[in-house]
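Down below is the structure, laid out as structure tokens.
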Amino acid sequence: MSSKISSHPRVRFAPSPTGYLHVGGARTALYNYLYAKKNGGEFILRIEDTDEARSTQESLRGVVDDLVWLGLMWDEGVDPVTLKDVGPNGPYRQSERLGIYKEIADKLLKDGKAYYCFMTEAEIEKQKEEAKANGSFAHLQSPYQDWPLEKALERLKTGDKAVVRYKTKGLEKDYIFTDLVRGEVKFPSDMVGDFVLLRSDGMPVYNFCCVVDDHLMKITHVFRAEEHLPNTLRQLMIYEAMNWAVPEFGHMALILDEDRQKLSKRKGAVACGQLKDEGYLASAVLNFIALLGWSDPQGRELLSVEDMKQVFDISRLNPSGAIFDRVKFKWVNAQHLRALPNADLWKAIQPFLAREHMELPQDPAWQGKSLDLFKPYMETLADAIELYRPLNDKAYVILPEAEETLKWEPTKAVLASWKNLVQAHPSDYMTEEEFLKLQDEVKNQTGAKGKHLFMPIRVAVIGKPHGAELKTLVPLMKKSSLVSRAEQALAKA
RNA sequence: GUUCCCAUCGUCUAGGGGCCUAGGACACCUCCCUUUCACGGAGGAUACAGGGGUUCAAAUCCCCUUGGGAACGCCA
């Protein structure tokens with residue numbers, strides 16, 4: 001077992017297509033990506049689809065789409081469109097590498113480092129229960145571990161099924177490696193029993209493919225979640241048996257829920273796709289998850305991927321778990337959103353407005369003006385829906401929060417005066433100055449001032465007493481629309 | 001149960017023996033800006049889990065306790 005340090009790093013992200021890409025996976029992908037980009041190396045996407053029962057094509061599609069959305073593009077792996085192999089070290093889908101695993105397993109078998117085990121599930125279960133009854137905790141003891149290979153091969157011919165197990169016997173020692181995130185980590189070899197390499201149907205198991213592929217794909221650094229830390233022992237054993245160089249490992253702490261448990265769906269969105277649907281920007285997702293376990297040397301809170309590529313450094317990776325704080329996440333998103341040029345922001349909110357079938361003016365100047373007004377109120381792209389709704393005539397409603405304002409003594413007079421003056425206005429849209437003047441006129445006619453003047457007009461415009469500034473909002477609205485709204489408000493006063 | 005990992009404000013974190021009466025960010029509170037609400041600005045409150053060492057000096061190094069997490073699959 002030798003170690004290797006390469007000045008040309010090759011890292012990988014290896015999702016299993018058994019679900020969506022969640023933020024934990026996204027962060028793992030991001031750190032690997034950043035490490036490769038910072039150090040001029042390659043980022044490889046490998047698909048771990050050896051669990052036939054759970055892996056699906058749709059899920060692979062989804063994971064790939066999410067990575068593309070995040071902008072975490074890989075140098076080798078599957079093509080983002082066709083999902084076909086791209087790169088010189090493929091295939092990159094483990095389900096297409098079965099022959100390779102079989103070959104390596106055969107070598108291990110021949111070298112006596114692995115053996116065929118014919119134990120049935122019932123037998124394994126029985127052994128476990130016996131150990132439990134004795135109050136002891138023991139690893140599986142297979143009666144087949146010392147069978148000569150020929151004998152096992154003979155039995156296989158009878159049609160009996162067997163798994164291939166790694167033989168831990170004779171390996172009693174500590175396995176030590178230096179984790180890039182946590183320093184020296186030591187595992188006693190008896191921490192694991194004889195683990196499975198190949199299932200009885202010939203499919204390989206995670207720890208085995210992982211080692212074979214990392215070696216064959218010339219991976220130099222493995223950054224992955226902490227839950228894989230104990231797996232590292234098994235993998236070290238396989239590296240040793242094959243006499244292969246061991247890559248560097250770095251295990252990142254988990255991302256947790258508010259209750260300090262592993263992030264779960266129940267507490268809110270954890271899937272990248274869902275975050276996207278809720279109106280989060282890819283740049284904000286990346287910014288936020290990067291800071292869950294890594295910090296910028298200058299202490300910046302707002303970073304682009306480009307910024308991160310410049311300064312990413314594994315020595316700043318934090319070994320303790322981090323809670324996914326949705327409130328701060330929203331703030332980060334709001335900052336990214338407000339930093340977007342109007343044209344880009346407008347484009348970004350279109351899918352959300354389309355959900356509500358809103359028809360808004362095509363004029364870019366109008367769009368820019370409206371965005372300038374609404375931006376400070378937007379935390380997610382989805383917020384645009386409620387912000388723009390008042391501008392959409394069909395959707396004008398007087399909200400319950402307006403009730404108190406409608407009950408005020410001068411409200412009725414204010415609304416009537418407002419309606420008449422707007423109706424008398426000569427053009428389709430009024431300017432800010434015209435609005436201010438008109439508002440003064442209402443004041444003169446009714447004697448109402450302060451909030452008694454202001455809030456009723458706001459209700460007549462947007463259906464609620466609080467919100468964006470009227471002098472900016474009103475010029476965005478057509479006269480006919482203002483009149484009809486004023487009438488509706490008047491009817492309720 | 002066993003093994004491994006982790007431990008600074010409510011949360012994300014800076015810090016790596018003296019620069020720490022512990023810094024930043026989100027959230028919170030107060031004030032300013034504003035004829036509303038947000039945005040923005042200025043302040044404020046809040047943390048080294050506990051106990052032992054080592055040292056002239058410990059948030060920082062070591063040990064123990066406690067707490068949390070992970071893994072112990074023919075899942076990855």
Side-chain angles (χ1 to χ4, degrees), chain A residues 14-19 25 48-51 53-55 94 117 119 121 124 131-132 135-140 161-165 179 181-183 185-193 195-207 209-210 224-234 251 253-256 258 260-262 288 291-302 315-316 318-332 334-335 338 373-379 387 405 439 443 449-455 457-458 464-470:
Chain A
S16 66
T18 53
E48 309 219 325
D49 56 353
T50 53
D51 184 349
R54 295 196 305 146
S55 297
Q94 293 184 328
C117 173
M119 286 179 87
E121 244 169 271
I124 294 171
K132 215 172 172 184
S136 75
F137 181 92
H139 293 298
L140 177 96
K161 292 287 180 199
V163 298
V164 174
R165 284 185 190 280
D179 189 282
V181 179
R182 352 189 138 241
V185 178
K186 190 164 78 177
F187 293 112
S189 61
D190 62 5
M191 191 173 149
V192 295
F195 55 94
V196 173
L197 263 20
L198 253 38
R199 292 176 246 231
S200 52
D201 63 2
M203 281 302 267
V205 161
Y206 167 74
N207 284 111
C209 330
C210 182
R224 53 166 43 153
E226 189 186 354
E227 54 195 338
H228 287 294
L229 196 49
N231 283 327
T232 310
L233 171 59
R234 295 180 181 77
H251 290 91
L254 268 14
I255 299 181
L256 312 167
E258 277 85 347
R260 288 222 160 263
Q261 303 290 307
K262 223 165 142 178
F288 184 69
L291 262 17
L292 254 28
W294 176 80
S295 58
D296 173 56
Q298 298 167 53
R300 289 175 294 180
E301 299 282 340
L302 267 9
S315 73
R316 299 189 70 83
N318 193 142
S320 56
I323 291 177
F324 189 83
D325 179 358
R326 289 165 185 291
V327 177
K328 185 162 184 180
F329 179 37
K330 238 182 192 172
W331 175 80
V332 171
Q335 300 305 312
R338 286 169 203 154
L373 174 64
F374 290 145
K375 238 191 275 194
Y377 295 90
M378 256 189 239
E379 288 188 306
L387 258 6
T405 305
Q439 192 176 236
K443 183 164 134 189
K449 56 186 177 188
K451 66 176 185 179
H452 293 286
L453 168 71
F454 211 63
M455 284 161 118
I457 296 180
R458 189 184 302 284
K464 55 183 181 179
H466 301 291
E469 207 166 3
L470 282 179

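Note that the structure is a prediction, hence the values are computed from the model and not measured. Numbered from 1 within each chain, the chains take letters A, B, ... in sequence-line order. All values below come from the heavy atoms of this structure, side chains included, with hydrogens, waters and symmetry mates left out.
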Phosphate-side-chain proximity, A/Arg326 and B/C12, N/O vs OP1/OP2 below 4.0 Å: no
No-hydrogen, no-angle side-chain donor-acceptor test under 3.5 Å, A/His251 and A/Thr232: yes
Base, sugar-phosphate or nothing for A/Ala322? Non-hydrogen atoms, less than 4.0 Å. sugar-phosphate
Between B/A76 and A/Thr50, is there an OP1 or OP2 to side-chain N/O distance shorter than 4.0 Å? yes
Which part of the nucleic acid does A/Val163 contact within heavy-atom distance under 4.0 Å: base, sugar-phosphate only, or nothing? base
Measure CG/A/Asp296 against C1'/B/C12 and give the value in whole Å, please. 14 Å
Using the test salt bridge (Lys or Arg N to Asp or Glu O under 4.0 Å), find all partners of A/Asp51 that sit at least two apart in sequence or belong to another chain. A/Arg54
Could I get the full list of salt bridge (Lys or Arg N to Asp or Glu O under 4.0 Å) partners for A/Arg300, not counting sequence neighbours? A/Asp296
About how many Å separate CZ of A/Phe454 and NE2 of A/His466, when rounded to the nearest 0.5 Å? 11.5 Å
Classify A/Arg224 by what it touches in the nucleic acid, base, sugar-phosphate, or nothing, heavy-atom distance under 4.0 Å. nothing
For atom C1', what is the distance between B/G68 and B/U30, given to the nearest Å? 36 Å
Rounded to the nearest Å, what distance is computed from the CD atom of residue A/Gln298 to the C1' atom of nucleotide B/U13? 16 Å
With a 4.0 Å cut-off on heavy atoms, is A/Leu198 in touch with a base, just the backbone sugar-phosphate, or nothing at all? nothing
Sort out the partner of B/A42 for me: Watson-Crick or G-U wobble, both distances under 3.5 Å, none otherwise. B/U30
Name the nucleic acid region contacted by A/Gly293, choosing base, sugar-phosphate or nothing; use a 4.0 angstrom heavy-atom cut-off, strictly under. sugar-phosphate
Mind checking who B/A58 pairs with, Watson-Crick or G-U wobble, both distances under 3.5 Å? none
The contact string for nucleotides 29-50 of chain B, one letter per nucleotide 5' to 3', using protein heavy atoms under 4.0 Å with B, S and - for base, sugar-phosphate only and none, comes out as ------BBBBSS----------
Using atom C1' of each nucleotide, how far apart are B/C31 and B/G67 to the nearest Å? 40 Å
What integer number of Å spans the P atoms of B/G16 and B/U60? 12 Å
Between CE of A/Met119 and C1' of B/C74 the distance, given in whole Å, is 13 Å
Identify the nucleotide, in any strand shown, that forms a Watson-Crick or G-U wobble pair with B/C72, with both distances under 3.5 Å; if there is none, say none. B/G1
Both A/Asp49 and A/Glu227 contact RNA chain B. Taking the nearest nucleotide for each, which residue is further toward the 5' end? A/Glu227
In whole Å, measure the gap between the C1' atoms of B/U8 and B/U13 for me. 9 Å
Those residues that, when tested against A/Ser320, pass side-chain contact (heavy atoms from CB on, under 4.5 Å) (two or more places apart): A/Asn318
Check side-chain contact (heavy atoms from CB on, under 4.5 Å) between A/Lys449 and all other residues, then give those that pass, not counting sequence neighbours. A/Lys443
For B/A58 versus B/G17, give the span between their C1' atoms, rounded off to a whole number of Å. 6 Å
Salt bridge (Lys or Arg N to Asp or Glu O under 4.0 Å) partners of A/Glu379, counting only residues at least two apart: none
Under the side-chain contact (heavy atoms from CB on, under 4.5 Å) test, residues paired with A/Lys464 that sit two or more places apart: A/Leu399, A/Glu401, A/Ile462
Would you sort out whether A/Tyr206 and A/His228 count as a ring pair (Phe, Tyr, Trp, His ring centres under 6.0 Å), showing the intermediate values? CA-CA 11 Å; A/Tyr206 167 74; A/His228 287 294; 5.2 Å; yes
Between B/G41 and B/A47, how far is it from one P atom to the other, in whole Å? 26 Å
In whole Å, what separates the P atom of B/C4 from that of B/G23? 37 Å
Contacts under 3.5 Å, N or O only, protein and nucleotides 3-10 of chain B:
| unit_1 | atom_1 | unit_2 | atom_2 | d |
| --- | --- | --- | --- | --- |
| B/C5 | O2' | A/Arg182 | NH1 | 2.3 |
| B/C5 | O2' | A/Glu226 | OE2 | 3.1 |

Which sits closer to the 5' end of RNA chain B, A/Ile124 or A/Val327, going by the nucleotide each is nearest to? A/Val327
Work out how far the C1' atom of B/G53 is from that of B/A70, and round it to whole angstrom. 30 Å
Please report, rounded to the nearest Å, how far the C1' atom of B/A76 is from the CE atom of A/Met203. 13 Å
Pairing check on B/A7: which nucleotide meets the Watson-Crick or G-U wobble criteria with it, both distances under 3.5 Å? B/U66
Interatomic spacing from CD in A/Glu48 to OG in A/Ser55 - rounded to 0.5 Å: 10.0 Å
Between the base of B/G24 and the side chain of A/Glu301, is there a donor-acceptor distance below 3.5 Å? yes
Interatomic distance where CD1 belongs to A/Ile255 and P belongs to B/U13 [whole Å]: 10 Å
Between A/Ser200 and B/C74, does any side-chain N or O lie under 4.0 Å from OP1 or OP2? no
A/Leu373: what forms a side-chain contact (heavy atoms from CB on, under 4.5 Å) with it, not counting sequence neighbours? A/Ala468, A/Thr472, A/Leu473, A/Leu476
Pick base, sugar-phosphate or nothing for A/His228, based on heavy-atom distances below 4.0 Å to the nucleic acid. base
How close or far is atom P of B/C74 from atom CG of A/Asn207, stated in whole angstroms? 11 Å
Short side-chain to backbone donor-acceptor contact, A/Arg338 and A/Pro376, under 3.5 Å: yes
Please state whether the base of B/A27 and the side chain of A/Lys328 form at least one donor-acceptor pair under 3.5 Å? no
Take the protein atom CZ of A/Phe288 and the nucleotide atom P of B/C12, then report the distance between them rounded to whole Å. 9 Å
Here the distance between atom C1' of B/C12 and atom NZ of A/Lys330, to the nearest Å, is 18 Å
